[in-house]
Amino acid sequence: MTQVRVRFAPSPTGFLHIGGVRTALFNWLFARQQKGVFILRIEDTDQSRSTDESIQAIIDGMKWVGLDWDEGPYRQTERMDLYRSHAMQLLERGDAYWCACTAEELDARRKEAEAKGLSQKYDGRCRDRGLTNPAGDAALRFKAPQEGETVVDDLIKGKIVFDNAVQDDLIILRSNGYPTYNFSVVVDDALMNITHVVRGDDHLTNTPRQVPIFQALGFSAPQFGHLPMILGSDKARLSKRHGATSIMAYKDMGYLPDAMVNYLVRLGWSHGDQELFTREELIEKFSWKHVQTSAAVFNPEKLLWVNAEYIKIIPPAQVAQALVPLLEAAGLKDEVQIVSADWLAQLVILVKERAKTLMEMVEWVRPYFGQSVICDEAAAKKFLTPAMAPILSKLLARFEAFPSFSKQPWEEAFKQMVEEEGMKMGQLAQPVRVALTGRTASPGLFDVMEILGRDRTLLRLRQGVERASG
RNA sequence: GUCCCCAUCGUCUAGCCUGGCCUAGGACAUUGCCCUUUCAAGGCAGUAACACGGGUUCAAAUCCCGUUGGGGACACCA
């Protein structure tokens, strides 16, 4: 058994998006399961579109979702000699030829063919001209076999047969000397000993173009696997129209990387009825057999649910840690600094069942920082009424009698007062909640008091009484 | 236009390979109820799908053919 070697090979022409992450993820899972090697390779042979910022964005994105690579990042622009020397091999063997047609001419002919409803294939006019390239401005074309069939046994789709007669003589070296995609991938996949090429469905028709190049170069082709596409809610290919597509945008929106991974892997793969998996489980249970053959619609609501599940499952201290940067960004930098990690973890426990994202959690948690509270006007108007003032004042007095906070006695005192006043629980609880948190919705009252501590509880209650009286 | 892929609830999917256990299961969303100091969470229940047409077979969601529909590819982009 040779060792599994897979790669993720994005082109640095923009940020790392959802689809790319999923492709990377399937490769990574397979590599980890097979104790293989996962390679990151940057396909930057398109000079005009590749940027260094994009490369950094890819690296940042991969790191955030925790997809670590064993080799690379390789950059194709650093491997130019390899492509050129292999292209020359093909030329020498008669498997490639120089083509003097200019891009403009080709474009014009293609448009004409399209207008007439004919094949848009290259007409092969330079194929047998035996041209040389003295001026250095010709492009090199691969002489694609025109007879027989190319059969691909896809890991996901099964056996697919392509007629060689429809294959084009692809340009493998541009007139500027740079290789094109279909050639550089082959050279790299061959030279890097890639055993399994797993990529998006959109590359399916590239496979019969690439297989003959492997063969002409004297390499055996790797195994191929084509992942179905991810679609937007309108069933069109996922794009900016469907909201944030950069993976890092999800970080900013308060998604947990593990939740992202869990959602994405379930989008196109399943293990019976199981919805939630640890990474270890994913690595253990992953199999090509259960990868879906059809495209899947990206469903933000389910992602939200998965994220909420992770917020509940993950150790609170860990959630707290991920929350800190968002708190700082929300203007709570000073407040966060003076607070202990333990206290923050406790706070997370209070709100983790209410927040579906870290972003929402920031809002849930905001009232528990600072001495006083910022009170919602409508809430105050409704619950901190003059009529409530004496009752709240009475409650305050009872609480003040306790030298320290303790849940049970405080709760008993509270309930006793409700009874004495002939009130319903909610009639007293809501005004107190507003006084303590400034809002009508919060975690359990006594949990709130516990997190605030005796002093702040009393302070806020006192301020609530004032407000109600005023 | 040519070539390729795909088709189960609104969405993600189980089942399909190896036909009967499918009166088609789970999850998200949605609706109702319960729980309840608020908001959540949780529990219970409900609505909801085998694209269509032909075969093959005692028997088809499952196998075969066709139709329709969706997607992808056809660049000196990747």
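Because only heavy atoms are used, hydrogens play no part in the values below, and waters and symmetry mates are left out as well, while side chains stay in. Lettering of chains follows the sequences in order, A, B, ..., and the numbering in each one begins at 1.
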Nearest to the side chain of A/Arg110, heavy atoms from C-beta on, is which of B/U37, B/C76, B/U13?
B/C76
Which one, B/U37, B/C17, B/A29, comes nearest to the side chain of A/Lys289?
B/C17
In the structure shown, which nucleotide is the Watson-Crick or G-U wobble counterpart of B/C9, with both distances under 3.5 Å?
none
Whole angstroms only, please: what is the NZ-P distance between A/Lys407 and B/U37?
15 Å
Closest to side chain of A/Val166, choosing from B/C3, B/U13, B/C12
B/C3
Do A/Lys415 and A/Glu411 meet the salt-bridge criterion of a basic N to acidic O distance under 4.0 Å?
yes
Below the 4.0 Å mark, does B/G42 have OP1 or OP2 next to a side-chain nitrogen or oxygen of A/Lys312?
yes
A/Gln430, nearest nucleotide to its side chain (from B/U37, B/C3, B/A78)
B/U37
Salt bridge A/Asp168-A/Arg209, side-chain N to carboxylate O under 4.0 Å:
no
Nucleotide nearest A/Lys302 when distance is taken to its side chain, options B/C28, B/U13, B/C76:
B/C28
When you measure from the side-chain N and O atoms of A/Thr293 to the phosphate of B/A7, is any distance below 4.0 Å, counting only OP1 and OP2?
yes
What do you reckon, are the aromatic ring centroids of A/Phe277 and A/Trp269 less than 6.0 Å apart?
yes
Measuring only the P atom in each nucleotide, how far is B/A27 from B/A41? A whole number of Å is fine.
16 Å
Closest approach to the side chain of A/Arg49, judged atom by atom: which nucleotide of B/A78, B/U11, B/G72 is it?
B/A78
Lys/Arg-Asp/Glu bridge criterion (N-O < 4.0 Å) met for A/Lys312, A/Glu353
no
Using a strict cut-off of less than 4.0 Å between a Lys/Arg side-chain nitrogen and an Asp/Glu carboxylate oxygen, indicate whether A/Lys157 and A/Asp201 qualify as a salt bridge.
yes
With a non-hydrogen cut-off below 4.0 angstrom, is A/Lys356 in contact with a base, only sugar-phosphate, or nothing?
sugar-phosphate
Does any N or O donor sit under 3.5 Å from an N or O acceptor when you compare the side chain of A/Ser442 with the base of B/C39?
no
Would you say a side-chain N or O of A/Thr45 is under 4.0 Å from OP1 or OP2 of B/A78?
yes
Pair partner, B/U30 [Watson-Crick or wobble, under 3.5 Å]
B/G46
I'd like to know if the side chain of A/Asp95 reaches the main chain of A/Leu91, judged simply by a donor and an acceptor atom lying under 3.5 Å from each other, with no hydrogens or angles considered.
no
Tell me whether the guanidinium CZ or amine NZ of A/Arg41 lies under 6.0 angstrom from the six-membered ring centre of A/Phe8 and within 45° of its axis.
no
Residue A/Asp273, side-chain atoms from C-beta onward, closest of B/G26, B/U13, B/C12:
B/G26
Under a 4.0 Å threshold between the charged nitrogen and the carboxylate oxygen, would A/Glu114 count as salt-bridged to A/Lys121?
no
Within residues 411-422 of chain A, residues whose heavy atoms come under 4.0 Å of RNA chain B
none
Using a 3.5 Å distance criterion without hydrogens, assess whether the side chain of A/Gln274 forms a donor-acceptor pair with backbone atoms of A/Leu276.
yes
Looking at B/A27, I'd like to know if its phosphate oxygens (OP1 or OP2) sit under 4.0 Å from a side-chain N or O belonging to A/His271.
no
Should we count CE of A/Met417 as having more than 12 external heavy atoms under 6.0 Å?
yes
Rounded off to whole Å, could you give me the OH-to-P distance for the A/Tyr263 and B/U11 pair?
12 Å
Under a 3.5 Å limit for both distances, which nucleotide forms a Watson-Crick or G-U wobble pair with B/U2, could you say?
B/A73
Quick one: the side chain of A/Gln274 and the base of B/G26, do they pair up donor-acceptor inside 3.5 Å?
no
Considering only heavy atoms, which members of residues 203-211 of chain A lie under 4.0 Å from some atom of RNA chain B?
A/His203, A/Leu204, A/Thr205, A/Asn206, A/Arg209
Close N or O pairs between protein and nucleotides 62-71 of chain B (under 3.5 Å):
none

Could you tell me whether the side chain of A/Thr437 and the main chain of A/Val434 form a donor-acceptor pair under 3.5 Å?
no
Among B/C4, B/C76, B/G10, find the nucleotide with the atom closest to the side chain of A/Ser175.
B/C76
Side chain of A/Arg354 only, please: which of B/C4, B/A27, B/C39 is the nearest?
B/C39
Taking the side chain from A/Glu105 and the backbone from A/Thr102, do they hold a donor-acceptor pair closer than 3.5 Å?
yes
Does NZ or CZ of A/Arg129 come closer than 6.0 Å to the centre of the six-membered ring of A/Trp98, within 45° of the ring's axis?
no
